[in-house]
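Take a look at the structure set out below.
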Amino acid sequence: MSTQQEDDTPDVDDAAPATPASGSPAALEALIEDHVLEREDHLNAPGFVIRADAVQDVLSTLKTEAGFDHLSCVTAEEHEDRFESIYHLRKYDDPTQEVSIIVPTSRDNPVSETAEPVFRTADWHEREAYDLVGVEYDDHPNLERILLPDTWQGHPLGLDYNQNKPQIVTFDEHKNPLEGHEQAADDSDTMFLNIGPHHPATHGVLHVETVLDGEQVADVNPDIGYLHRCEEQMAQKGTYRHQIMPYPDRWDYGPGGILNEWAYARTAEDLADIDVPEYAQILRTMGGELCRIACHMLALGTFCLDIYGDFTAIFMYAMRDREVVQNILEDLTGQRMMLNYLRLGGVVWDIPEPRAEFFESVRDFLDELPERLDEYSDLITSNEIFQARTVNTGVLDYETAKDYGVTGPVARGSGVDYDVRRDDPYGYYPELDWDVVTEDGGDNYSRLLVRMEEVEQSARIIEQCVDLLEGWPEDERDIQANVPRTLKPEAGTETYRTVEGAKGELGVYIRADGTEKPGRFKIRSPCFSNLSALKEMSTGEYIPDLVATLGSLDVILGEVDR
Amino acid sequence: MSSDQPRDSITDTSDPLTSTRDARMGDGVDDRFNSRLREAFGSTPFILTKFDKFMNWVRGSSMFMLQFGIACCSIEMMHTYSVKHDLDRFHAGVPRASPRQADVMIVPGTIVSKFAPRMKRVYDQMPEPKFVVNMGNCSTSGGPFQEGYNVVKGAEEVIPVDIHIPGCPPRPEALVYGVAKLQERIANGESSPVTVKPYELEEFGDLERDEIVDKLAADIDEESLVMRYNWADSP
Ligand code: SF4
């Protein structure tokens, strides 16, 4: 069996049953024909180059008439002769149906129309594109720097950026950044409150600018970029084969290690056309789900830390269980957090000898897990005080979630039945027996429930993987495909692939430029999109609920800022 | 003694509890005040020490850490604080949320240009004497991100540092070791090295005028605090 996806070829979409014509690239082209300049297909999707002033037209046509309701990512890049923004569209119902809309602009005047009125999520994505690459978006509501400080000079992912130039960063202590904004100005009773960037409730270095009306949140604006570590630049400096793989570990350090690495591996394997042996896929699947459990345990522990206020029992319990997972991962990969386990075409090594011992430790963990989860349910979800704090707070409804490109447990807590593992299958997931968990509440409580149930599902997956691995014939244990020492994908090939990370749809876009390093490497971070919906969830609520909402969003700042 | 046997004290005797005290005291002078410390100093009830030395010992033995999470290393730091590794066993386990109550700051992660002024401010808010532990390669040198356009090449560029713990991330054991080393140094009265801090918070008006200052002059107030990064001179 080839575990590589066959659906890369755009024309299989012809078979889509519901709206047969609308799926095919030709039909799509007909829809937006007036604006299309040329075809430029990516490996994952048909691509259409359109005029810079027709972005909203094209996107809203595709959204309403062809059902592309998920703006997964916006990639901007600078070429020798032009700037380009790429809108990666897909469908929440079927993410294998994708289309890329490419918007070139001239180098002297890099202005294109904003997509924000069509997809709210474009707001932050375009700000990032402006910040790092320098494309400007006409009519954008708030085109400011998002990751770098306001006073930064130049656009670091642009071609002629000089990294050695000095920079000046201001430190404005209590200045109200929302001064003059309507929400604050016409109501003199409001008070401005800075939360973070050094604050125990923000899970790292997030800065939340809030305007309070009494105890209610009148406006909230997450200010990010305090952990912008140039991940994309680092990846662009590394060679495909070995130098990039350590970095994904540091995106979502929950530790989403293997899940993140998989996002890069999937894209690069697609790009270089590498098949992964089945045995390695099972190892990846098992490792990935172990990471997911660790991530969800962290989310649960810190969420309760936010709600109950101190280093209490639940936090300690969650940490205790994470220790067990981390020990297993350490046995498997050699590190507790930064696993660096995947390689293009497989994994780095097999289960440690003696295998029986390893399997036993995993089984022990799985056997104890149901009891642990019952304990958590007693302590958390069936606790009245906890329910009073979380039920019906931080509500994110179905449509808003989609509009903001929200994915992962947060989306599933709002009833969006979307999981890349099932909908755009990869790895060994399609062969295994597991369910996608959804809840309809859309509140903080639902999101927590989803995470806790996902832990159970992950345990199911791991159990099946362990059974498979144990029974695998010894001479067929291929852990790596034969991959050339240096990879040089053909210049101009582009692809965008996603996996289901712990926080949601984690995507990587790579454009190859014919060398052994990527020409452009763009990370689609689920936390980034999820966090952008914070305003919708918290405005009008009490300030303690804002803190609870932040906790239930489970953002990892390393992934938000990259 | 197995627990299914009732203990003597429950079943056998109804004597007043003083008897146990008598038994403990034995004959002669009550030695219950004889702590290990007392033993160390001999029979005299006085301790002769330098006040400084005593204070150093106290400082090292009761540390209040700042709850300060930055990046990946902070996850391992949380593990160090919680069950299994339990930093509390080493007199350093209660993280304080406010810098004004803390005297040790662990810097667990990558420091980027936007965050460095904030970190400097948090450090300034801590009362003296204060100590800094660098956790991980990032806060030592920029670590894996050293070549990034936005990354400060180590916390030492901004604040003085006492202990560096290498690792990416260091294991909890390593952090415990680092903290123990710091305690040792404090108890010995060693102070942190005087470091050159290339990046300071300054008033914008005080900066030497050059190309970039002129460019930003319209946007930034003369009195605004700013931090100026000379990337070209970074290690
Ligand atoms: S040293 Fe490594 S683990 Fe620690 S913050 Fe830096 S990258 Fe993360």
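Treat the numbers as computed from the prediction; the structure is a model and nothing was measured. Here is how names work: the chains are called A, B, and so on, in the same order as the sequence lines, proteins then strands, and each is numbered from 1.
Distance check, rounded to the nearest 0.5 Å: OG1 of A/Thr302 to CE of B/Met78 gives 6.0 Å. A distance of 8.0 Å separates SG in B/Cys138 from CZ in A/Arg250, rounded to the nearest 0.5 Å. Going from atom CD of A/Glu323 over to atom NE2 of B/His85 covers 4.0 Å, rounded to the nearest 0.5 Å. Taken to the nearest 0.5 Å, the CE atom of A/Met319 stands 13.0 Å off from the CG atom of B/Asp86. If you take CG on A/Leu147 and OG on B/Ser113, they are separated by 10.5 Å, rounding to the nearest 0.5 Å. Between the CD atom of A/Glu231 and the CG atom of B/Asn150 there is a distance of 11.5 Å, given to the nearest 0.5 Å.
Contacts of B/Val122 with chain A are made by side-chain atoms alone, with heavy-atom separations under 4.5 Å and no backbone atom involved. With a 4.5 Å cut-off on non-hydrogen atoms, A/Ile224 touches chain B through its backbone but not through its side chain. Contact annotation for B/Ile111: neither backbone nor side-chain heavy atoms come within less than 4.5 Å of a heavy atom of chain A. Residue A/Leu557: no heavy atom, backbone or side chain, is found under 4.5 Å from chain B. Within the 4.5 angstrom heavy-atom criterion, no atom of A/Gln243 approaches chain B.
No side-chain heavy atom of B/Ile75 sits under 4.5 Å from any side-chain heavy atom of A/Pro255.
Judged by distance alone, with hydrogens and angles left aside, the side-chain atoms of B/Tyr229 form no donor-acceptor pair with the main-chain N or O of A/Val169 at under 3.5 Å. Judged purely by atom type and a 3.5 angstrom limit, B/Glu147 has no side-chain atom pairing as donor or acceptor with the backbone of A/Gln233. Looking at A/Gln335, its side chain does come within 3.5 Å of a backbone N or O of B/Cys168 through a donor-acceptor pair.
Considering only heavy-atom pairs separated by less than 4.5 Å from chain B, the leading option among A/Tyr253, A/Trp152, A/Tyr317 is A/Tyr253. Ranking A/Lys237, A/His228, A/Met234 against chain B, the residue ahead of the rest is A/His228, based on heavy-atom pairs under 4.5 Å. The candidate from A/Lys165, A/Arg336, A/Gln326 with the greatest count of non-hydrogen atom pairs under 4.5 Å with chain B is A/Arg336. Heavy-atom pairs under 4.5 Å with chain A were tallied for B/Ala97, B/Ala71, B/Ser82; the largest tally goes to B/Ala71. Of the listed residues (B/Met119, B/Lys84, B/His79, B/Met227), the greatest number of heavy-atom pairs within a distance under 4.5 Å of chain A belongs to B/His79. Ranked by heavy-atom pairs under 4.5 Å with chain A, the list B/Gly109, B/Pro99, B/Pro169, B/Pro108 is led by B/Pro169.
Heavy atoms only, all atoms of each residue included: A/Leu227 and B/Val112 are closest at N-CG2, 4.0 Å. Here the shortest heavy-atom pairing between B/Gly69 and A/Val205 reads O-CG1, 3.9 Å. Summarising the geometry of B/Pro144 relative to A/Tyr247, their closest heavy-atom pair is O-OH, 2.6 Å, with the distance given to 0.1 Å.
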Test side-chain contact (heavy atoms from CB on, under 4.5 Å) on A/Leu157 and B/Tyr149 and set out the steps.
CA-CA 10 Å; A/Leu157 294 184; B/Tyr149 49 81; 4.3 Å; yes

Between B/Lys120 and A/Phe171, does a side-chain contact (heavy atoms from CB on, under 4.5 Å) hold up when you go through it step by step? CA-CA 10 Å; B/Lys120 171 83 175 134; A/Phe171 177 74; over 6 Å; no

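Residue A/Tyr161 qualifies as enclosed at atom OH: its count of foreign heavy atoms under 6.0 Å is above 12.
Note on A/Asp223 versus B/Lys114: salt bridge recorded, some NZ/NE/NH1/NH2 to OD/OE distance being below 4.0 Å.
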